[in-house]
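Here is the structure we will look at.
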Amino acid sequence: MGTRRVYFDSSLWVSYILQENHKNRAQQVQQLIDQIKKDDDVILVSHLVLLEVLEVIRKRITETEPYTDLDDDKKDKIKRIIQEKTNLFISGLSRLVREHRVALVNSQESVDTWFKTTYSIFTSSFGDISTYSGRGNNPPRYRYLGVGHYDIQHALTAKEFSARDLYTFDRGFAELQNYQEFNGIRFVIR
Amino acid sequence: MTVTHPAKKWDALDKRGDRDRILGTERPQSGEETWGSRELSAQNIFLGERVVAKMTREWSIDPCIDTTAPSMSELRQEIRELREMVRDLSESHAALEARLSALEEQFVKEPVIDNLWEISDNNLKQLEEVSGITRTPGKPTEQDPFDALKGLLIEYSDDTVDSVELVNSVRGK
């Protein structure tokens with residue numbers, strides 16, 4: 001048996017690049033990375049994770065930019081920053097992949113099989129319905145809580161590449177633990 | 001082990017013409033009564049009824065059942081043989097189940113994809129081509145690549161940042 005493999009959900013990468021304080025998450029990621037380095041484990045990064053992180057970078061930079069006005073110069077400025085940060089992220093990730101500390105993976109299944117499996121798992125689960133209070137005078141409303149198709153696809157990739165653990169901060173993954181398809185994977189939800 | 005169905009046994013007797021002799025229902029062969037002509041005479045129908053009546057009397061069986069019953073000893077033998085077959089099949093089934101379970105267990109434990117680095121290196125090459133970012137020529141940097149990613153967006157962070165919410169926003173949740 002080769003090197004152990006672990007799958008990082010996008011939330012860990014986002015927490016790491018933003019150095020999130022909430023629940024000491026960035027610190028938890030750092031400890032995890034230190035342990036992985038020590039054990040010589042490999043982190044799996046899927047195309048899906050890469051795209052999600054790049055999209056968060058775009059949204060976060062755009063939405064935290066202090067408002068002045070909105071013209072072409074402003075848009076160009078924001079785009080430049082986004083491009084610069086995107087390039088830095090891809091460069092850092094590429095180095096990790098080149099040094100075989102991170103593996104950049106994508107499913108080897110056909111698109112047809114991939115979606116059929118995702119659909120099968122999605123339709124056989126429902127999650128739960130809860131309520132939340134409306135703001136002000138608004139009445140309470142219902143909220144659907146359950147596993148999403150992206151969650152399933154992350155877990156399927158982790159399974160396909162024999163990840164021992166799937167680390168995430170997203171509690172939505174908890175439901176997947178009970179599925180036979182994911183036997184052998186430990187979902188570590190913090 | 002070969003078990004011959006009772007009906008097949010009678011078929012074999014038919015081929016030799018022995019059943020008619022056993023049952024006393026021998027009939028003359030004529031061109032009009034061949035299967036080729038597909039003609040069934042009144043005499044033939046009468047003959048069939050006689051066979052059923054004879055069997056019903058001799059073996060006390062239901063005349064509605066359209067088969068010729070074997071003797072009790074033959075039936076006992078058939079039952080013994082079938083029971084043996086069922087037992088053999090059960091044993092084979094259990095052995096196959098055990099083998100399947102072992103394979104499934106192994107499948108879960110062992111890495112399925114062994115060419116991990118081949119896939120990863122290929123994906124990296126494609127990423128570099130698409131992004132236009134290639135490795136920087138010259139002296140390699142001393143900085144750990146994990147550290148290069150750490151806090152990459154720290155100037156866009158604050159105490160309200162929630163990584164799960166940010167990721168959910170791009171997952172359409």
Side-chain angles (χ1 to χ4, degrees), chain A residues 1-2 5 9-22 25-26 30 33 37 42 47 50-52 55-57 59-61 64 85-106 108 148 150-151 160-162 168-172 183-184, chain B residues 101 103-137 140-173:
Chain A
M1 194 133 169
R5 304 165 189 181
D9 175 40
S10 309
S11 53
L12 271 79
W13 291 108
V14 167
S15 187
Y16 192 62
I17 63 174
L18 280 163
Q19 285 298 291
E20 181 184 18
N21 285 329
H22 184 56
R25 282 176 178 166
Q30 186 62 60
I33 288 173
K37 282 183 191 171
V42 171
H47 280 164
L50 175 61
L51 287 168
E52 285 179 349
E55 199 173 334
V56 167
I57 291 174
K59 286 188 78 165
R60 185 68 191 172
I61 291 173
T64 51
K85 293 294 185 184
T86 299
N87 290 351
L88 284 172
F89 183 79
I90 292 175
S91 294
L93 182 68
S94 298
R95 266 193 67 195
L96 287 166
V97 176
R98 210 174 293 127
E99 292 172 13
H100 286 188
R101 296 158 82 182
V102 164
L104 186 57
V105 296
N106 62 317
Q108 304 298 295
Y150 289 120
D151 304 335
E160 188 180 337
F161 284 88
S162 310
T168 181
F169 292 130
D170 186 352
R171 305 208 71 79
N183 278 353
Chain B
S101 300
L103 279 172
E104 281 175 342
E105 199 177 336
Q106 194 181 3
F107 183 74
V108 168
K109 282 182 184 168
E110 296 295 322
V112 180
I113 292 177
D114 291 326
N115 55 340
L116 177 70
W117 294 118
E118 189 188 323
I119 292 168
S120 179
D121 292 345
N122 191 41
N123 283 337
L124 175 63
K125 196 178 159 192
Q126 286 175 7
L127 177 66
E128 287 176 339
E129 280 171 13
V130 170
S131 66
I133 300 166
T134 51
R135 61 186 83 181
T136 321
T141 171
E142 293 298 317
Q143 192 186 22
D144 185 301
F146 278 113
D147 292 340
L149 296 177
K150 183 179 176 179
L152 181 69
L153 289 193
I154 199 158
E155 62 267 48
Y156 300 95
S157 184
D158 57 37
D159 286 342
T160 65
V161 160
D162 184 332
S163 57
V164 175
E165 276 184 17
L166 287 170
V167 173
N168 280 346
S169 74
V170 300
R171 285 182 185 161
K173 286 187 179 176

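Lettering follows sequence order; numbering is per chain, from 1. Reckoned from all heavy atoms, side chains included, excluding hydrogens, waters and symmetry mates.
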(message) Given heavy-atom pairs under 4.5 angstrom as the criterion, report whether the side chain, backbone, both or neither of B:Leu166 touches chain A.
(response) both
(request) On the 0 to 90° scale, with breaks at 30° and 60°, tag the A:Tyr16-B:Phe146 ring pair as parallel, tilted or perpendicular. (result) perpendicular
(message) At a 4.5 Å cut-off on heavy atoms, which part of A:Ile57 comes close to chain B: side chain, backbone, both, or neither?
(response) both
(message) Please report the interatomic distance CD(A:Glu20) to CD1(B:Ile154), rounded to the nearest 0.5 Å.
(response) 12.0 Å
(message) Using 0.5 Å steps for rounding, measure from the CG atom of B:Leu152 to the CG atom of A:Leu88.
(response) 5.5 Å
(message) For chain B, which candidate among A:Val56, A:Asn21, A:Leu93 shows the most heavy-atom pairs at distances under 4.5 Å?
(response) A:Val56
(message) For a quick test of reading the model, state the closest non-hydrogen atom pair linking A:Gln19 to B:Gly151 and the distance between them.
(response) CG-CA, 3.6 Å
(request) Just give me the residue among A:Asn87, A:Ile61, A:Thr168 that pairs up with chain B most often, heavy atom to heavy atom, under 4.5 Å. (result) A:Ile61
(request) Compare all side-chain heavy atoms of B:Ile119 with those of A:Phe161 and state whether any distance is below 4.5 angstrom. (result) yes
(request) Compare all side-chain heavy atoms of B:Leu116 with those of A:Arg5 and state whether any distance is below 4.5 angstrom. (result) yes
(request) Name the option with the most non-hydrogen atom pairs under 4.5 Å to chain B; the candidates are A:Arg171, A:Gln30, A:His22, A:Arg101. (result) A:Arg101
(message) Any non-hydrogen side-chain atom of A:Leu18 less than 4.5 Å from a side-chain atom of B:Ser163?
(response) no
(request) Give, as side chain, backbone, both or neither, the part of A:Lys59 having an atom under 4.5 angstrom from any heavy atom of chain B. (result) side chain
(message) Is there a side-chain contact between B:Asn123 and A:Asn106 in this structure, where contact means two heavy atoms from C-beta onward sitting under 4.5 Å apart?
(response) yes
(request) Answer with side chain, backbone, both or neither: which region of A:Ser11 has an atom nearer than 4.5 Å to a non-hydrogen atom of chain B? (result) both
(message) So for B:Glu155, is it side chain, backbone, both, or neither that comes closer than 4.5 Å to the heavy atoms of chain A?
(response) side chain
(message) Between B:Glu128 and A:Val97, is there a side-chain heavy-atom distance shorter than 4.5 Å?
(response) no
(message) Can you confirm whether more than 12 heavy atoms, excluding those of B:Lys125, are under 6.0 Å from its NZ atom?
(response) no
(message) Less than 4.5 Å to any heavy atom of chain A: does that hold for the side chain of B:Leu127, its backbone, both, or neither?
(response) side chain
(message) Just so I understand: if I count every heavy-atom pair under 4.5 Å between each of B:Asn168, B:Val170, B:Val167, B:Asp159 and chain A, which residue has the most?
(response) B:Val170
(message) If I measure from the heavy atoms of chain B, does A:Phe89 come under 4.5 Å with its side chain, its backbone, both, or neither?
(response) both
(message) The test is side chain to side chain contact (heavy atoms under 4.5 Å, CB included); show your working for A:Leu96 and B:Leu149 and say whether it passes.
(response) CA-CA 10 Å; A:Leu96 287 166; B:Leu149 296 177; 3.8 Å; yes
(request) Evaluate the side-chain proximity of A:Val42 to B:Trp117: yes if any heavy-atom separation is below 4.5 Å, no if none is. (result) yes
(message) Below 4.5 Å, heavy-atom pairs only: which of B:Ala148, B:Gly172, B:Gly132, B:Ser169 has the largest tally toward chain A?
(response) B:Ser169
(request) Please examine the side chains of B:Arg171 and A:Ser10, heavy atoms only from C-beta on, and report whether any two atoms are closer than 4.5 Å. (result) yes
(request) Could you look at B:Asp162 and say if it's the side chain, the backbone, both or neither that has a heavy atom under 4.5 Å from chain A? (result) both
(message) If I compare all heavy atoms of B:Ser120 with all of A:Ala103, which pair ends up nearest, and what's the gap?
(response) OG-CA, 3.4 Å
(message) Please evaluate residues A:Ile33 and B:Lys150 with respect to the criterion side chain to side chain contact (heavy atoms under 4.5 Å, CB included), reporting the C-alpha separation (whole Å), side-chain torsions for both, the decisive distance (0.1 Å), and the verdict.
(response) CA-CA 11 Å; A:Ile33 288 173; B:Lys150 183 179 176 179; over 6 Å; no
